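One structure is given below, encoded as C-alpha coordinates.
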Amino acid sequence: MAVTDRDSAAQAGSPDESFEHELPTQQPQLEPQSRISAEIERQHASAAHGGHQPHLDFPPYRSSILRHPTKELRHADPEGVELVAPVFGHSDVDPLEADLTIQRGGDPIGERMVVTGRVLDGDGRPVRHQLVEIWQANAGGRYIHKRDQHPAPIDPHFTGVGRCLTDADGNYRFTTIKPGPYPWRNHLNAWRPAHIHFSLFGAEFTQRLITQMYFPGDPLFALDPIYQSITEQSVRDRLVATYDHDLTTHEWATGYRWDIVLTGTHATPLEREDDSNE
(Lines give C-alpha, C1' and ligand atoms only; values in the text may rest on other atoms or scores of the structure.)
Protein backbone atom coordinates (compact mmCIF):
# COMPACT_ATOMS: atom_id res chain seq x y z
CA MET A 1 0.00 0.00 0.00
CA ALA A 2 1.24 3.50 -0.71
CA VAL A 3 0.96 4.44 2.89
CA THR A 4 3.09 5.30 5.84
CA ASP A 5 2.65 5.04 9.54
CA ARG A 6 4.90 4.78 12.53
CA ASP A 7 5.31 1.07 12.02
CA SER A 8 7.20 1.66 8.78
CA ALA A 9 10.09 2.94 10.81
CA ALA A 10 10.05 -0.16 12.93
CA GLN A 11 11.10 -2.29 10.01
CA ALA A 12 14.63 -3.55 10.34
CA GLY A 13 16.89 -1.45 8.16
CA SER A 14 14.26 1.11 7.31
CA PRO A 15 15.78 4.53 6.54
CA ASP A 16 12.63 6.26 7.69
CA GLU A 17 12.36 7.07 11.38
CA SER A 18 9.35 9.35 11.26
CA PHE A 19 6.15 8.44 13.05
CA GLU A 20 2.65 9.67 12.52
CA HIS A 21 2.22 10.64 16.12
CA GLU A 22 5.14 13.06 15.77
CA LEU A 23 3.30 15.39 13.46
CA PRO A 24 1.35 17.63 15.84
CA THR A 25 3.38 20.64 14.70
CA GLN A 26 1.77 20.18 11.30
CA GLN A 27 -1.64 19.72 12.89
CA PRO A 28 -2.07 22.07 15.85
CA GLN A 29 -5.67 20.96 16.24
CA LEU A 30 -6.63 17.38 15.52
CA GLU A 31 -9.87 16.91 13.64
CA PRO A 32 -12.70 14.63 14.77
CA GLN A 33 -13.29 11.18 13.31
CA SER A 34 -16.64 12.35 11.93
CA ARG A 35 -14.91 14.78 9.58
CA ILE A 36 -12.41 12.17 8.42
CA SER A 37 -15.17 9.61 7.86
CA ALA A 38 -17.20 12.12 5.83
CA GLU A 39 -14.16 12.80 3.64
CA ILE A 40 -13.59 9.08 3.14
CA GLU A 41 -17.21 8.72 2.04
CA ARG A 42 -16.87 11.57 -0.46
CA GLN A 43 -13.61 10.18 -1.82
CA HIS A 44 -15.19 6.77 -2.37
CA ALA A 45 -18.25 8.28 -4.02
CA SER A 46 -16.17 10.24 -6.52
CA ALA A 47 -13.60 7.52 -7.24
CA ALA A 48 -13.57 5.74 -10.56
CA HIS A 49 -14.26 2.02 -10.44
CA GLY A 50 -11.44 -0.37 -11.07
CA GLY A 51 -8.76 1.27 -8.96
CA HIS A 52 -6.71 -1.58 -7.54
CA GLN A 53 -4.10 0.38 -5.66
CA PRO A 54 -4.32 2.82 -2.74
CA HIS A 55 -4.55 6.47 -3.65
CA LEU A 56 -1.20 8.14 -3.28
CA ASP A 57 -2.84 11.47 -2.47
CA PHE A 58 -5.77 10.57 -0.22
CA PRO A 59 -6.84 13.73 1.69
CA PRO A 60 -8.36 11.91 4.72
CA TYR A 61 -4.90 10.46 5.32
CA ARG A 62 -3.64 13.79 6.66
CA SER A 63 -0.06 12.95 7.41
CA SER A 64 0.57 11.76 3.86
CA ILE A 65 0.21 15.29 2.53
CA LEU A 66 3.82 16.25 3.13
CA ARG A 67 5.15 12.80 2.37
CA HIS A 68 3.99 11.60 -0.99
CA PRO A 69 6.20 12.55 -3.95
CA THR A 70 5.40 15.77 -5.81
CA LYS A 71 8.37 15.82 -8.20
CA GLU A 72 9.58 13.64 -11.02
CA LEU A 73 11.41 10.50 -10.06
CA ARG A 74 15.12 10.13 -10.49
CA HIS A 75 15.73 6.94 -12.36
CA ALA A 76 18.69 4.85 -11.28
CA ASP A 77 20.57 2.34 -13.36
CA PRO A 78 19.24 -0.99 -12.06
CA GLU A 79 22.46 -2.83 -12.86
CA GLY A 80 24.47 -0.19 -11.03
CA VAL A 81 22.24 -0.53 -8.01
CA GLU A 82 22.78 -4.27 -7.96
CA LEU A 83 26.54 -3.77 -7.69
CA VAL A 84 26.17 -2.19 -4.25
CA ALA A 85 22.88 -3.66 -3.02
CA PRO A 86 22.83 -6.41 -0.38
CA VAL A 87 22.55 -10.00 -1.53
CA PHE A 88 21.05 -13.00 0.19
CA GLY A 89 20.61 -16.69 -0.40
CA HIS A 90 19.31 -19.80 1.28
CA SER A 91 22.32 -19.91 3.55
CA ASP A 92 21.42 -16.43 4.85
CA VAL A 93 17.88 -17.24 5.95
CA ASP A 94 17.53 -19.66 8.85
CA PRO A 95 14.15 -21.43 9.06
CA LEU A 96 13.92 -20.40 12.72
CA GLU A 97 13.69 -16.76 11.62
CA ALA A 98 10.10 -17.47 10.62
CA ASP A 99 9.16 -18.07 14.26
CA LEU A 100 8.78 -14.70 15.99
CA THR A 101 7.86 -16.36 19.28
CA ILE A 102 11.31 -17.80 20.04
CA GLN A 103 13.59 -14.85 19.42
CA ARG A 104 14.13 -13.31 22.85
CA GLY A 105 14.54 -16.06 25.42
CA GLY A 106 10.94 -16.36 26.54
CA ASP A 107 7.35 -16.55 25.42
CA PRO A 108 5.91 -13.27 24.13
CA ILE A 109 2.54 -12.12 25.44
CA GLY A 110 -0.51 -12.40 23.23
CA GLU A 111 -2.44 -14.69 20.94
CA ARG A 112 0.04 -17.05 19.30
CA MET A 113 -0.90 -17.67 15.69
CA VAL A 114 0.33 -19.14 12.43
CA VAL A 115 0.10 -17.03 9.29
CA THR A 116 0.62 -18.88 6.05
CA GLY A 117 -0.24 -18.60 2.39
CA ARG A 118 1.17 -18.65 -1.11
CA VAL A 119 2.91 -16.07 -3.23
CA LEU A 120 1.51 -16.31 -6.76
CA ASP A 121 1.91 -14.56 -10.07
CA GLY A 122 -1.01 -13.27 -12.12
CA ASP A 123 -1.55 -16.68 -13.74
CA GLY A 124 -1.74 -18.50 -10.41
CA ARG A 125 1.74 -19.96 -10.65
CA PRO A 126 3.81 -20.20 -7.45
CA VAL A 127 6.59 -17.70 -6.93
CA ARG A 128 9.31 -19.99 -5.62
CA HIS A 129 12.21 -19.38 -3.26
CA GLN A 130 11.50 -15.71 -2.75
CA LEU A 131 12.33 -13.77 0.39
CA VAL A 132 9.30 -12.77 2.46
CA GLU A 133 9.81 -10.46 5.44
CA ILE A 134 7.30 -9.28 8.01
CA TRP A 135 7.27 -6.67 10.76
CA GLN A 136 4.54 -5.82 13.21
CA ALA A 137 3.57 -4.35 16.58
CA ASN A 138 3.36 -6.54 19.67
CA ALA A 139 0.09 -7.60 21.29
CA GLY A 140 -0.15 -4.22 23.00
CA GLY A 141 0.18 -2.31 19.74
CA ARG A 142 3.77 -1.17 20.22
CA TYR A 143 6.92 -1.59 18.17
CA ILE A 144 10.40 -1.93 19.54
CA HIS A 145 11.68 1.36 18.19
CA LYS A 146 13.15 4.33 19.98
CA ARG A 147 10.67 6.72 18.41
CA ASP A 148 7.58 4.70 19.20
CA GLN A 149 6.35 6.36 22.39
CA HIS A 150 2.87 4.88 22.47
CA PRO A 151 2.34 4.17 26.20
CA ALA A 152 1.74 0.45 25.73
CA PRO A 153 4.19 -2.03 27.27
CA ILE A 154 7.21 -3.24 25.34
CA ASP A 155 7.35 -7.02 25.24
CA PRO A 156 10.96 -8.00 25.99
CA HIS A 157 10.38 -11.37 24.32
CA PHE A 158 9.12 -10.07 21.01
CA THR A 159 11.08 -8.31 18.27
CA GLY A 160 8.23 -8.10 15.77
CA VAL A 161 10.38 -8.97 12.75
CA GLY A 162 10.86 -12.22 10.85
CA ARG A 163 11.57 -13.65 7.42
CA CYS A 164 11.48 -16.82 5.36
CA LEU A 165 11.80 -18.08 1.82
CA THR A 166 8.85 -19.44 -0.14
CA ASP A 167 9.07 -23.15 -0.90
CA ALA A 168 8.76 -24.89 -4.25
CA ASP A 169 4.98 -24.33 -4.24
CA GLY A 170 5.25 -20.67 -3.28
CA ASN A 171 4.24 -21.26 0.34
CA TYR A 172 5.38 -19.08 3.21
CA ARG A 173 4.67 -19.63 6.91
CA PHE A 174 5.24 -17.59 10.07
CA THR A 175 4.57 -18.26 13.72
CA THR A 176 3.95 -15.02 15.57
CA ILE A 177 1.70 -13.08 17.96
CA LYS A 178 -1.43 -11.28 16.86
CA PRO A 179 -0.59 -7.56 16.85
CA GLY A 180 -2.72 -5.05 18.68
CA PRO A 181 -4.27 -1.88 17.25
CA TYR A 182 -2.55 1.35 18.14
CA PRO A 183 -3.26 5.10 18.08
CA TRP A 184 -1.74 7.49 15.60
CA ARG A 185 -2.22 11.20 15.19
CA ASN A 186 -3.83 11.45 11.82
CA HIS A 187 -6.87 12.89 13.58
CA LEU A 188 -8.50 12.86 16.99
CA ASN A 189 -8.88 9.35 18.39
CA ALA A 190 -7.32 7.74 15.31
CA TRP A 191 -6.50 4.04 15.70
CA ARG A 192 -4.96 1.71 13.15
CA PRO A 193 -6.51 -1.74 12.68
CA ALA A 194 -4.28 -4.65 13.68
CA HIS A 195 -2.04 -5.56 10.77
CA ILE A 196 1.22 -7.16 9.68
CA HIS A 197 3.54 -5.63 7.11
CA PHE A 198 4.85 -7.88 4.36
CA SER A 199 7.87 -7.23 2.16
CA LEU A 200 8.63 -9.41 -0.85
CA PHE A 201 11.74 -9.52 -2.96
CA GLY A 202 11.95 -10.69 -6.53
CA ALA A 203 14.96 -11.97 -8.40
CA GLU A 204 16.86 -8.76 -7.69
CA PHE A 205 17.14 -6.60 -4.62
CA THR A 206 15.50 -3.65 -6.39
CA GLN A 207 12.33 -5.68 -6.97
CA ARG A 208 10.87 -5.09 -3.58
CA LEU A 209 7.12 -4.94 -2.93
CA ILE A 210 5.46 -4.00 0.36
CA THR A 211 1.90 -4.46 1.54
CA GLN A 212 -0.15 -5.01 4.73
CA MET A 213 -2.26 -7.93 5.92
CA TYR A 214 -5.29 -7.32 8.15
CA PHE A 215 -7.52 -9.57 10.25
CA PRO A 216 -11.18 -10.36 9.55
CA GLY A 217 -13.91 -8.47 11.35
CA ASP A 218 -11.80 -5.58 12.62
CA PRO A 219 -14.15 -2.78 13.77
CA LEU A 220 -11.54 -0.15 12.85
CA PHE A 221 -11.64 -0.81 9.10
CA ALA A 222 -14.30 1.79 8.33
CA LEU A 223 -12.48 4.44 10.37
CA ASP A 224 -8.96 3.99 9.02
CA PRO A 225 -8.00 6.34 6.15
CA ILE A 226 -5.00 4.17 5.26
CA TYR A 227 -7.08 1.05 4.71
CA GLN A 228 -9.78 3.16 3.07
CA SER A 229 -7.32 4.78 0.64
CA ILE A 230 -8.23 1.83 -1.59
CA THR A 231 -11.65 2.87 -2.81
CA GLU A 232 -12.89 -0.53 -4.03
CA GLN A 233 -14.27 -2.76 -1.28
CA SER A 234 -13.50 -5.94 -3.25
CA VAL A 235 -9.86 -4.85 -3.49
CA ARG A 236 -9.65 -3.94 0.18
CA ASP A 237 -10.93 -7.43 0.94
CA ARG A 238 -7.78 -8.86 -0.63
CA LEU A 239 -5.79 -7.42 2.24
CA VAL A 240 -7.77 -9.34 4.87
CA ALA A 241 -6.62 -12.80 5.92
CA THR A 242 -9.00 -15.71 6.43
CA TYR A 243 -9.29 -17.52 9.72
CA ASP A 244 -8.68 -21.25 9.17
CA HIS A 245 -9.72 -23.56 11.98
CA ASP A 246 -7.97 -26.51 10.33
CA LEU A 247 -4.76 -24.53 10.57
CA THR A 248 -5.44 -23.68 14.19
CA THR A 249 -3.56 -25.95 16.59
CA HIS A 250 -5.08 -27.43 19.73
CA GLU A 251 -3.98 -25.47 22.81
CA TRP A 252 -1.23 -23.79 20.87
CA ALA A 253 -2.03 -21.28 18.12
CA THR A 254 -4.79 -19.90 15.92
CA GLY A 255 -4.35 -20.02 12.14
CA TYR A 256 -4.78 -17.49 9.33
CA ARG A 257 -4.28 -17.82 5.60
CA TRP A 258 -3.42 -15.03 3.21
CA ASP A 259 -2.26 -15.41 -0.38
CA ILE A 260 -0.31 -12.66 -2.10
CA VAL A 261 -0.88 -12.21 -5.84
CA LEU A 262 1.78 -10.08 -7.47
CA THR A 263 0.20 -9.19 -10.81
CA GLY A 264 -3.02 -9.35 -12.76
CA THR A 265 -6.61 -8.29 -12.06
CA HIS A 266 -6.58 -9.95 -8.65
CA ALA A 267 -3.24 -8.59 -7.54
CA THR A 268 -2.73 -7.75 -3.88
CA PRO A 269 -2.56 -3.95 -3.37
CA LEU A 270 1.07 -2.96 -2.90
CA GLU A 271 2.98 0.15 -2.00
CA ARG A 272 4.20 2.13 -4.94
CA GLU A 273 7.92 2.28 -5.59
CA ASP A 274 7.81 6.08 -5.70
CA ASP A 275 6.51 6.02 -2.14
CA SER A 276 9.34 3.89 -0.87
CA ASN A 277 10.97 6.55 1.29
CA GLU A 278 8.00 6.50 3.64
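Just so it is clear, the structure is predicted and the values come from calculations on it, not from any experiment.
Residues Leu209 and Ser199 fail the side-chain proximity criterion, which asks for heavy atoms closer than 4.5 Å. In this structure, Ile177 and Asn138 have side chains that are not in contact, with every pair of non-hydrogen atoms separated by 4.5 Å or more. Side-chain contact between Met213 and Val115 is present, with at least one heavy-atom pair separated by less than 4.5 Å. When side chains are defined from C-beta on, Phe58 counts as touching Ile40, because their heavy atoms get closer than 4.5 Å. Counting heavy atoms from C-beta on, the side chains of Val161 and Leu100 never come closer than 4.5 Å. Inter-residue side-chain proximity for Leu200 and Val119 is flagged as met; some heavy-atom pair is nearer than 4.5 Å. In this structure, the side chains of Glu251 and Thr249 stay at 4.5 Å or more apart for every pair of heavy atoms. Gln43 places a side-chain heavy atom less than 4.5 Å from the side chain of Pro59.
Not less than 6.0 angstrom separates the ring centroid of His195 from the ring centroid of Phe221. Between Phe215 and Tyr243, the distance separating the two ring centers is not shorter than 6.0 angstrom. In this structure, Phe198 has its ring center under 6.0 Å from that of Trp258.
Rounding to the nearest 0.5 angstrom, the gap separating the CG atom in Asn186 from the CH2 atom in Trp184 is 3.5 Å. Between Leu30 atom CG and Arg185 atom CZ the span is 7.5 Å, to the nearest 0.5 Å. Here Asp244 contributes atom CG and Arg257 contributes atom CZ; the two are 4.5 Å apart, rounded to the nearest 0.5 Å. A distance of 8.0 Å separates OG1 of Thr175 from CH2 of Trp252, quoted to the nearest 0.5 Å. Between the CG atom in Asn189 and the OG atom in Ser34 there is a gap of 11.0 Å [rounded to 0.5 Å]. In this structure, the separation between OG1 on Thr242 and CG on Leu247 is 11.0 Å, given to the nearest 0.5 Å.
Across every non-hydrogen atom of Val235 and Pro269, the tightest pair is CG1-CG, 3.4 Å. Contact between His157 and Arg104 at its shortest, heavy atoms only, is ND1-O, 2.9 Å. The minimum heavy-atom distance between Ala137 and Phe158, with the atom names listed, is O-CE2, 3.7 Å. Of all the heavy atoms in Gln212 and Leu239, the pair that sits closest is O-CD2, 3.3 Å. The minimum heavy-atom distance linking Gly110 with Ala139 is given by the pair CA-CB, 3.8 Å. Between Arg142 and Pro153 the shortest heavy-atom distance is CB-O, 4.1 Å.
Here the side chain of Thr248 pairs no donor or acceptor atom with the backbone of Thr254 at under 3.5 angstrom. Not one N or O on the side chain of Asn171 forms a donor-acceptor pair closer than 3.5 Å with the backbone of Arg173. In this structure, the side chain of Gln233 does not engage the main chain of Ile230 through any donor-acceptor pair within 3.5 Å. Formation of a donor-acceptor pair under 3.5 Å by the Asp99 side chain with backbone atoms of Gly162 is not found in this model. Judged by distance alone, with hydrogens and angles left aside, the side-chain atoms of Thr166 form a donor-acceptor pair with the main-chain N or O of Gln130 at under 3.5 Å. Distance alone, capped at 3.5 Å, places no donor-acceptor pair between the Asp123 side chain and the Arg125 backbone. Panel note: side chain His55, backbone Asp57; no donor-acceptor pair is recorded below 3.5 Å. Side-chain atoms of Thr268 come within 3.5 Å of backbone N or O of Val261 as a donor-acceptor pair.
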Side chain to side chain contact (heavy atoms under 4.5 Å, CB included) between Leu96 and Ile102, intermediate numbers included: CA-CA 8 Å; Leu96 293 179; Ile102 60 172; 4.0 Å; yes
Test salt bridge (charged side-chain N to carboxylate O under 4.0 Å, His left out) applied to Glu39 and Arg62, step by step: CA-CA 11 Å; Glu39 289 189 23; Arg62 292 288 193 264; 2.6 Å; yes
Ser37 vs Leu223, side chain to side chain contact (heavy atoms under 4.5 Å, CB included): CA-CA, chis, key distance, verdict: CA-CA 6 Å; Ser37 295; Leu223 307 176; 4.0 Å; yes
Derivation of the salt bridge (charged side-chain N to carboxylate O under 4.0 Å, His left out) call for Asp259 and Arg118: CA-CA 5 Å; Asp259 290 343; Arg118 301 180 73 199; over 6 Å; no
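Taken together through direct or relayed side-chain contacts under 4.5 Å among Ile, Leu, Val, Met, Phe, Trp and Tyr, Leu220 and Ile226 form parts of separate hydrophobic clusters. A single hydrophobic cluster is not seen to contain both Leu120 and Tyr256; linkage of ILVMFWY side chains at heavy-atom distances under 4.5 Å, directly or through other members, places them apart. With hydrophobic clusters built from ILVMFWY side chains whose heavy atoms lie under 4.5 angstrom apart, Val240 shares a cluster with Ile260. The hydrophobic clustering, which links ILVMFWY residues whose side-chain heavy atoms are closer than 4.5 Å, places Phe201 and Val93 together. Both Leu262 and Tyr172 are members of a single hydrophobic cluster when ILVMFWY side chains are connected at heavy-atom separations under 4.5 Å.
For the residue pair Asp224 / Gln228, no side-chain donor-acceptor distance below 3.5 Å is found, with atom types taken as modelled. A donor-acceptor pair shorter than 3.5 Å can be found between the side chains of Arg192 and Tyr214. A donor atom on one side chain and an acceptor atom on the other are found under 3.5 Å apart for Gln103 and Thr159. A donor-acceptor contact closer than 3.5 angstrom links the side chains of His187 and Gln33.
Taking a 6.0 Å sphere around CD of Glu111, one finds it holds more than 12 heavy atoms contributed by other residues, nucleotides or ligands. Counting non-hydrogen atoms of neighbouring residues, nucleotides and ligands closer than 6.0 angstrom, the CD1 atom of Ile109 reaches no more than 12 such neighbours.
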